[in-house]
Structure formats: C-alpha cells, structure tokens
Visitor: 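Encoded as structure tokens, here's the structure I'll be asking about.
Residue numbers count from 1 along this sequence.
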Amino acid sequence: MTFWGRRKALDALTHVEEARQLKRTLSWPHLIALGIGAIIGTGIYTLTGIGAERAGPAVILAFAACGILCVFAALTYTEMATLMPAAGSAYTYTYSVLGEGLAWLVGWSLVLEYAVTCAAVAVGWSGYMVGLLESLGVHLPAWMISGPHGGGIVNLPAVLITLAVTALLARGAKESATLNIVLVVIKILALAVFVGLAAPAMMPENFTPFMPYGFSAHSVDGHVRGVMAAAAIVFFAFFGFDAVSTSAEEVKNPARDLTIGIIGSMVVCTLIYMLVAACAVGAWPFAEFAASGEPLAFILRSLGHPAAAFGIGAAAIIALPSVILVMMFGQTRVFFVMARDGLLPRSLSNLDAQRRGPLRLTLLVGAFVALVAGFFRLDQIAELSNAGTLTAFIAVSVCVMVLRRTRPDLQRVFRCPAVWIVAPLAVIGCLYFMISLPTGTLVRFAIWNLIGIAIYLAYGRKRSLLASA
C-alpha cells in the first residue's frame with residue numbers, strides 16, 4: 001500500500017501548469033467577508049434558542065467554547081495556509097504532509113462540510129422565504145415547497161436560490177466576493193439593531209441560575225443538557241472560516257491577507273456570537289424563547305419591536321445566500337485541486353478562458369447541491385457536517401506538528417504561537433466534540449468514509465498524477 005503514503009512535494013503546490021492555475025484577484029477585505037459570510041448565517045438566527053434550551057444562560061459559554069476551539073484551529077490553518085498558499089485547504093496540506101490516502105479521506109469529508117451544508121442552508125432559506133411570503137398573503141402550492149418526503153414534489157425555492165448562487169459564482173471569484181461584502185454588512189447591521197434594542201432590556205435575574213445544567217453533557221429527563229451539549233449543537237454555527245484557506249491560490253498577498261482573513265473573521269464572529277447570546281438571554285427568559293425557531297425575532301416582538309423583528313427575519317433571508325455562496329466556493333476549490341491531482345477526472349480542473357475559474361466544476365457542484373436541496377431530507381445528513389469539519393480540523397493541526405518536527409527549516413510567514421499547546425489542544429478538543437455527537441451520526445460518518453475509500457481504490461489510486469510520476 002505504498003500508494004497510500006504518496007506525498008506531493010511542497011514546491012509543487014505553487015508551481016502548477018499555467019492552464020490550470022487560478023487567477024489572483026482577492027485581498028484581505030474579501031477574505032474577512034468570505035469568513036464572516038460563511039460563519040454568520042443560520043447559526044446565530046436559530047441556534048441561539050436551541051443552545052439556550054440545553055445550557056440556559058450559559059449558552060454564552062457554549063459559544064465561547066466553540067470559539068476557543070475554532071481559534072486554535074484557525075491558528076494552525078493560518079500557519080499552513082501561509083506556508084502553502086495553494087487551493088484545497090485541509091486536503092492540500094494533508095496531501096503534502098501525511099500522504100495521498102489520508103488526503104483523499106479529508107477531501108471526501110469536506111464534501112460533508114461544504115456541499116451538504118449548502119443544501120441544508122438552501123432548504124433553511126426556503127423555509128424563511130415561504131414564511132415571509134405567507135405573512136404577506138402569498139401562499140405557494142404545497143407541491144413546490146417540499147420534496148417527496150414532505151408530501152410535495154420538489155422544494156423549488158431551495159433549488160432556485162442554489163441555481164442563483166451558482167450563476168453568481170460562475171461569474172468569477174472577485175465578483176462573488178465583492179457582493180458577499182455587501183451581504184455581510186447587511187447581516188452585521190441587522191445584528192447590531194438586535195443588540196441595540198435588546199441590551200437596554202437586559203435584567204440580572206435572567207442570568208440566574210447561570211449554569212442550571214452544569215458543564216458536561218448529560219441526560220436530564222430524557223433530554224441532553226449542559227454547556228457541552230449546547231456547544232455540540234452551536235458548533236455548526238462556526239462553520240466557514242476554513243473556507244477562507246481554500247482561496248489561498250487566488251489571494252494577491254497570501255502572507256498578509258490569509259492571516260488577517262482567517263484569524264480576523266474567526267475572532268470577529270466569536271465576539272458577535274457571544275454578544276448576541278448575552279443580549280438574548282439577558283433581555284428575555286431563555287425558557288420562553290428557546291422553543292422558537294426564530295429566537296431573535298421572538299425576543300424583539302416580546303419587547304414590543306415588531307418592525308425590527310420583521311427586519312431580523314428579512315436579514316436572515318439575505319444572510320443565508322451568502323453562506324451558500326462561500327460554502328459552494330469552498331467545495332468547488334477543493335474538488336478543483338483533487339481533479340488537478342488526478343484523484344477526480346482531470347477534465348474538471350479545466351478553467352474558463354475568460355474568468356480563469358473552474359466553470360464546469362462550479363456548474364456541476366451547483367447542480368448536485370440543487371438536486372439534494374430539492375428532493376432529499378437533510379435532517380440526519382446535515383448532522384454529518386460536524387464530523388466532516390472536525391476531521392479536517394484534526395488533520396490540519398496534526399500537519400502543523402509534523403512539519404515543525406520534519407521541516408523546521410521552512411520559512412514560516414506566520415508561526416502558530418505556542419504550537420505544542422495550541423495544536424494538541426485543537427486535536428483533543430475536536431475529538432471531545434466528535435465523541436459528543438450522536439452514535440448514529442458517527443456510524444453514518446464511518447459508512448461515508450468506507451464509500452470514499454472504495455472510490456479511491458477503484459479510481460484515484462491508479463489515476464493520481466503521483467501514480468505515474
């Protein structure tokens with residue numbers, strides 16, 4: 001099984017054939033917006049209530065725990081991204097450090113984080129849009145707002161928003177990132193309005209008891225409770241900062257811009273999440289808004305701000321397409337590099353002559369996401385996203401430690417501080433989060449990886465560029 005450990009040379013990452021090299025068009029404002037655009041989405045608008053149900057006011061600590069873990073992971077990502085400014089993110093780093101077999105599994109896991117999450121968010125956007133239309137007196141036929149599992153034929157709004165985002169991505173990375181900046185500004189303004197209205201209504205008694213269910217996850221009356229139980233759920237809200245590293249090959253000044261983009265977006269979003277969560281639990285008893293599917297809007301309506309509550313819902317409709325955009329961007333870049341390496345059909349890495357982007361691959365990924373969003377149930381499938389993301393985080397943290405031992409001579413533009421503390425804690429934290437997932441999710445994740453291994457053995461093992469080297 002020597003093929004399993006084949007490694008791509010580090011200098012080969014930035015010296016690829018010109019016809020398959022992405023154009024450098026992005027700078028650090030684009031990268032911060034990409035990170036925030038992916039992270040601030042369904043999580044902050046819906047998971048605040050679910051997290052509060054599991055942890056009470058200590059949901060603030062759940063967001064902090066997720067933020068700390070992701071900051072540790074972000075530091076390792078930044079060292080690897082600036083050391084290897086090539087597309088592909090965790091897949092690329094693993095290929096050069098740990099070998100082809102593990103790189104394939106990481107790339108296969110990233111499908112769960114990016115493509116499956118895209119489809120789940122598209123379905124969520126459909127729900128918000130249908131609800132908004134109904135509040136305005138517009139009632140869509142049941143057959144077009146749900147797939148066969150829900151008694152309909154197709155979730156048409158989910159399909160349409162996916163195709164719209166695909167068309168935007170097909171125009172080019174810079175155009176997509178520029179629009180994403182506008183969407184990010186709108187989302188942050190909406191959350192600023194919430195904080196501005198909720199903060200004056202905060203009452204100390206709403207924070208008591210602060211941690212009613214303790215820290216560790218455990219069962220209370222048949223329901224999982226505790227800060228870590230909440231953290232295992234709200235972790236989904238932090239997806240996306242690693243998508244910034246998938247754009248490394250398209251960044252004008254990787255050494256500076258990737259550092260600012262990855263760490264900046266992660267820190268900003270963690271602070272925003274904690275502030276919003278604190279205002280939410282302080283302004284209204286958590287037991288009352290925890291059951292709401294739109295907790296922030298519920299709180300504003302309860303405080304006597306119906307217009308602002310409507311605005312929060314409208315902002316959610318604006319926010320979710322930016323999440324789809326960034327996640328789909330990340331998926332196309334990972335697949336692009338896998339195809340360029342021969343692990344997927346090489347034709348998928350052909351670039352559009354005008355925009356220098358993977359047009360064919362973008363359209364295929366968009367069609368796949370639209371298909372899943374339109375026809376399939378995503379409740380159990382979407383849970384796999386956590387496992388896929390945690391696997392990528394572990395791989396990147398291990399890569400940093402391995403390279404520090406095997407290649408201390410490499411010039412590192414950004415060095416992860418206290419690497420022998422940060423990287424091991426990132427691995428341990430990810431493993432702790434992973435074992436906190438439901439057993440059924442872990443079983444499905446194992447099955448997903450077995451399918452991936454079968455595909456690699458049947459196709460990628462023989463057609464990899466390194467196989468003929």
Visitor: Do Val227 and Met211 touch side chain to side chain, with heavy atoms closer than 4.5 Å?
Guide: yes
Visitor: Give the intermediate values and the outcome of side-chain contact (heavy atoms from CB on, under 4.5 Å) for residues Met328 and Leu169.
Guide: CA-CA 8 Å; Met328 195 179 297; Leu169 271 178; 3.6 Å; yes
Visitor: So, for Ile299 and Ala283, which heavy atoms are closest and what is the spacing to 0.1 Å?
Guide: CG2-CB, 4.3 Å
Visitor: Output the distance between atom CE (Met228) and atom CZ (Phe433), rounded to the nearest 0.5 Å.
Guide: 4.0 Å
Visitor: A side-chain contact here means heavy atoms from C-beta on lying under 4.5 Å apart; do Ile394 and Leu431 qualify?
Guide: yes
Visitor: Quick one: pull up CG in Leu112 and CZ in Arg444 and give me the separation to the nearest 0.5 Å.
Guide: 11.5 Å
Visitor: Which distance, rounded to the nearest 0.5 Å, do you find between the CD1 of Ile317 and the CD1 of Ile186?
Guide: 12.5 Å
Visitor: Please report the closest heavy-atom contact between Thr270 and Gly67, naming both atoms and the distance.
Guide: OG1-CA, 3.6 Å
Visitor: For Asn206 and Gly282, indicate whether the former's side chain and the latter's backbone hold a donor-acceptor pair under 3.5 Å.
Guide: yes
Visitor: Would you mind reporting whether Asn155 and Val159 have side-chain heavy atoms less than 4.5 Å apart?
Guide: no
Visitor: Please check this pair: side chain of Trp104 against backbone of Gly452, looking for a donor-acceptor N/O pair closer than 3.5 Å.
Guide: yes
Visitor: Working note: Leu197 + Leu303, criterion side-chain contact (heavy atoms from CB on, under 4.5 Å); need CA distance, chi angles, decisive distance, verdict.
Guide: CA-CA 8 Å; Leu197 294 175; Leu303 293 175; 5.7 Å; no
Visitor: Within the structure provided, determine whether Phe335 and Val111 are in side-chain contact (heavy-atom separation under 4.5 Å).
Guide: yes
Visitor: Is it the case that the side chain of Ser126 and the backbone of Ala122 share a donor-acceptor pair, with hydrogens and angles ignored and the cut-off at 3.5 Å?
Guide: no
Visitor: Verify, without hydrogens or angle tests, whether Trp448 (side chain) and Trp108 (backbone) share a donor-acceptor contact under 3.5 angstrom.
Guide: yes
Visitor: Within the 4.5 Å heavy-atom criterion, are Leu133 and His139 side-chain neighbours or not?
Guide: no
Visitor: Using a cut-off of 6.0 Å, state whether more than 12 heavy atoms not belonging to Phe207 lie near its atom CZ.
Guide: yes
Visitor: Could you state the interatomic distance from CG (Leu361) to CG (Leu344), rounded to the nearest 0.5 Å?
Guide: 8.5 Å
Visitor: Is there a side-chain contact between Pro345 and Tyr459 in this structure, where contact means two heavy atoms from C-beta onward sitting under 4.5 Å apart?
Guide: yes
Visitor: Can you check side-chain contact (heavy atoms from CB on, under 4.5 Å) on Leu363 and Leu359, steps first, answer last?
Guide: CA-CA 6 Å; Leu363 297 178; Leu359 178 61; 4.3 Å; yes
Visitor: Quick check against the 3.5 Å criterion: does Arg346 have a side-chain atom that pairs as donor or acceptor with the backbone of Arg340?
Guide: yes
Visitor: Distance check, rounded to the nearest 0.5 Å: Thr92 atom OG1 versus Met338 atom CE?
Guide: 9.5 Å
Visitor: Does any non-hydrogen side-chain atom of Ile312 lie less than 4.5 Å from one of Phe194?
Guide: yes
Visitor: Kindly indicate whether the side chain of Cys118, heavy atoms from C-beta on, has any atom under 4.5 Å from the side chain of Thr162.
Guide: no
Visitor: Which atom pair, heavy atoms only, marks the closest approach of Val195 to Cys279?
Guide: CG1-SG, 3.8 Å
Visitor: Which heavy atom in Val59 sits nearest to a heavy atom in Ala277, and how many Å separate them?
Guide: CG1-CB, 4.4 Å
Visitor: Closest heavy-atom contact between Tyr91 and Ala103?
Guide: CD1-O, 3.1 Å
Visitor: Would you please test Tyr95 and Leu343 for side-chain contact (heavy atoms from CB on, under 4.5 Å) and show each step?
Guide: CA-CA 11 Å; Tyr95 205 163; Leu343 299 183; 4.3 Å; yes
Visitor: Over 60° means perpendicular and under 30° means parallel, so classify the ring planes of Phe393 and Tyr77, tilted if in between.
Guide: perpendicular
Visitor: Identify the heavy atoms of Val123 and Ala373 that sit nearest to each other, and give their distance.
Guide: CG2-O, 3.5 Å
Visitor: Going from SG on Cys66 to CG on Leu61, what distance comes out if it is rounded to the nearest 0.5 angstrom?
Guide: 11.0 Å
